[in-house]
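Read through the structure below, which is laid out as structure tokens, and then see the notes.
A, B, ... follow the sequence lines: proteins, then strands. Residue 1 opens every chain. Note that the coordinates shown come from a computational prediction; the quantities given were computed from them, not determined experimentally.
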2 protein chains.
Amino acid sequence: MTGITATAQPAPGASGLRERKKQRTRDALTRAAMELFTTRGFEGTTVDEIAESVEVSQRTFFRYFQSKEHAALAVEELIEGHFMAALRERPAAEPPLEALRNAVLSTWDDVSTAIHEVVPLDLYMRMCQVVETTPALLAARMRGQAEMEQRLVAEIARREGLDPVLDLRPRVLVAAFGGVIRAASGHWGKCADDSVEQMRRSVEEHINTIGPALTGGWRAPGA
Amino acid sequence: MTGITATAQPAPGASGLRERKKQRTRDALTRAAMELFTTRGFEGTTVDEIAESVEVSQRTFFRYFQSKEHAALAVEELIEGHFMAALRERPAAEPPLEALRNAVLSTWDDVSTAIHEVVPLDLYMRMCQVVETTPALLAARMRGQAEMEQRLVAEIARREGLDPVLDLRPRVLVAAFGGVIRAASGHWGKCADDSVEQMRRSVEEHINTIGPALTGGWRAPGA
DNA sequence: TTGTCAAATGTCAGCTGCTGACATAATCTC
DNA sequence: GAGATTATGTCAGCAGCTGACATTTGACAA
């Protein structure tokens, strides 16, 4: 009704009591899930336990989340939404890679406040580590990112006025970009540095490496 | 014993009757799984049906495959093994991206014969389409590829004498490369052209696009 | 307020993927 | 051929997930 058609969540700036209540239980479920996952681990936590800790039936949990994995990655989805919006607002003059880069970096602060409306930031940080070390979650996240990448390809193609089926470049660019983002967050996850700032720097650094990494000539400083 | 230490499958060139039998049932299971998946769909097929069609208990199925998904992606894993071996054999003089590229292209023929020892090629082709359209399989495959990419990073770093933790470039390069491969196979899957040759060409074309896709200046031919 | 409608939730039953434990049957070794 | 290994079968059980139907709760109008 607000004009912002959501992905799967209830409308963000909703009006009625009903909508607000829905949003509340959804947030409560995500938070409860993340708290349990970060303490007992993902596989060590049952959906029943999550539901119970919010005093809701298991069936209700599955009405909010397609799967246990989706609950764990709810925040991730939120972030992707913000990023996509940021990309759409980049000036048309920016070349594709720069637009992607700037969208990531510019959206950073918005994102952390948006996250904080749902869960404490440090909980999210700890959750990232869990994701990075849980195969099932890694797989689910990668699937989500693949869907995201499809949307990115469409957007890039639109910006540049290209046919995303005939022209390979948007797909290739986005694939590379996505890979780099994954590499960055993986790197950040391992370093166990719990700051958003550090994460931002990691992403920036990785993006700046795209050029040098692909244009050979690595061995100048090495041997 | 042949020097090719396998990933999880029984040793390829095994000696005893036991080993050969194991390999036979494993192959039979993969083939049965793929045949059922391609006709009834992945979710429309139960593990019991697969096991039954090979006249084996469900429990045995799970002794061969960690999950239903793993059975669907068994061939994929086989291919990755060949690719990894090919990469290790590339001359040390080749710069990283070229080595990756050549490993893919050079290994192509070996792969198709290796596949054919397990399943008919056209069955594999049809299976690729199923993977591309089944969310659970997409996720599982991406996870597998992520693991593969880690191994690739290690190998590239070794070749170049770099520390894969400190130096970002191997990770970034492999991420980009992996993304491109995914883009290529996705593109091939959509075009529904059932030839290996076409697939090879698609991969080659995509790899050659890496440079142009990243170095901006797209709008020369377009508008 | 009250009554009506729609939407959210609870309850229950059931399927499917997957695993541990133990018994049985097949291969290997001598 | 006897005994040690190893693969397989059987059984029981948990956890994720879904459809169907009953029940409650908020929305809206008379």
Side-chain N or O of [X] closer than 4.0 Å to phosphate OP1/OP2 of [N]:
X       : N      : answer
B:Tyr64 : D:dT8  : yes
A:Lys21 : D:dG26 : yes
A:Thr46 : D:dA15 : no

How many whole angstroms separate atom [atom1] of [X] from atom [atom2] of [N]?
X       : N      : atom1 : atom2 : value
B:Phe62 : D:dG13 : CZ    : P     : 19 Å
A:Phe61 : D:dA15 : CZ    : P     : 15 Å
B:Arg26 : D:dT8  : CZ    : C1'   : 17 Å
B:Gln23 : D:dT6  : CD    : P     : 18 Å
A:Gln58 : D:dT18 : CD    : C1'   : 10 Å
B:Asp48 : C:dC15 : CG    : P     : 12 Å
B:Glu19 : C:dA26 : CD    : P     : 18 Å
B:Glu43 : D:dG16 : CD    : P     : 18 Å

Could you list the donor-acceptor pairs under 3.5 angstrom formed between side-chain atoms of residues 175-183 of chain B and any protein atom two or more places apart in sequence or on another chain?
residue, atom, partner, partner atom, Å
B:Arg182, NH1, B:Gln145, OE1, 3.0
B:Arg182, NH1, B:Glu149, OE2, 3.4

So which nucleotide from [options] ends up closest to the side chain of [X]?
X       : options                : answer
A:Lys22 : C:dA8, C:dC18, C:dC22  : C:dA8
B:Arg18 : D:dT8, C:dT27, C:dA6   : C:dT27
A:Arg59 : C:dC12, C:dT27, C:dC18 : C:dC12
B:Ser67 : C:dC18, C:dT9, D:dC17  : C:dC18
B:Arg63 : D:dT8, C:dT9, D:dC17   : D:dT8
B:Val47 : D:dT10, D:dG16, C:dG17 : C:dG17
B:Ser57 : D:dG9, D:dT8, D:dC17   : D:dG9

(message) Tell me every residue that passes ring-ring contact (aromatic ring centres under 6.0 Å, His included) with A:Phe83, counting only those two or more places apart in sequence or in another chain.
(response) none
(request) Answer yes when A:Lys68 and A:Glu43 have at least one side-chain N-carboxylate O distance shorter than 4.0 Å, and no when they do not. (result) no
(message) So that I can tick it off, tell me whether B:Glu204 and B:Arg201 are bridged by a salt bridge, with the cut-off set at under 4.0 angstrom between side-chain N and carboxylate O.
(response) no
(message) Does A:Glu49 have more than 12 heavy atoms from other residues, nucleotides or ligands lying within 6.0 Å of its CD?
(response) yes
(request) Assign each of A:Thr25 and B:Lys68 to its nearest nucleotide of DNA chain C by heavy atoms, then name whichever residue's nucleotide is nearer the 5' end. (result) A:Thr25
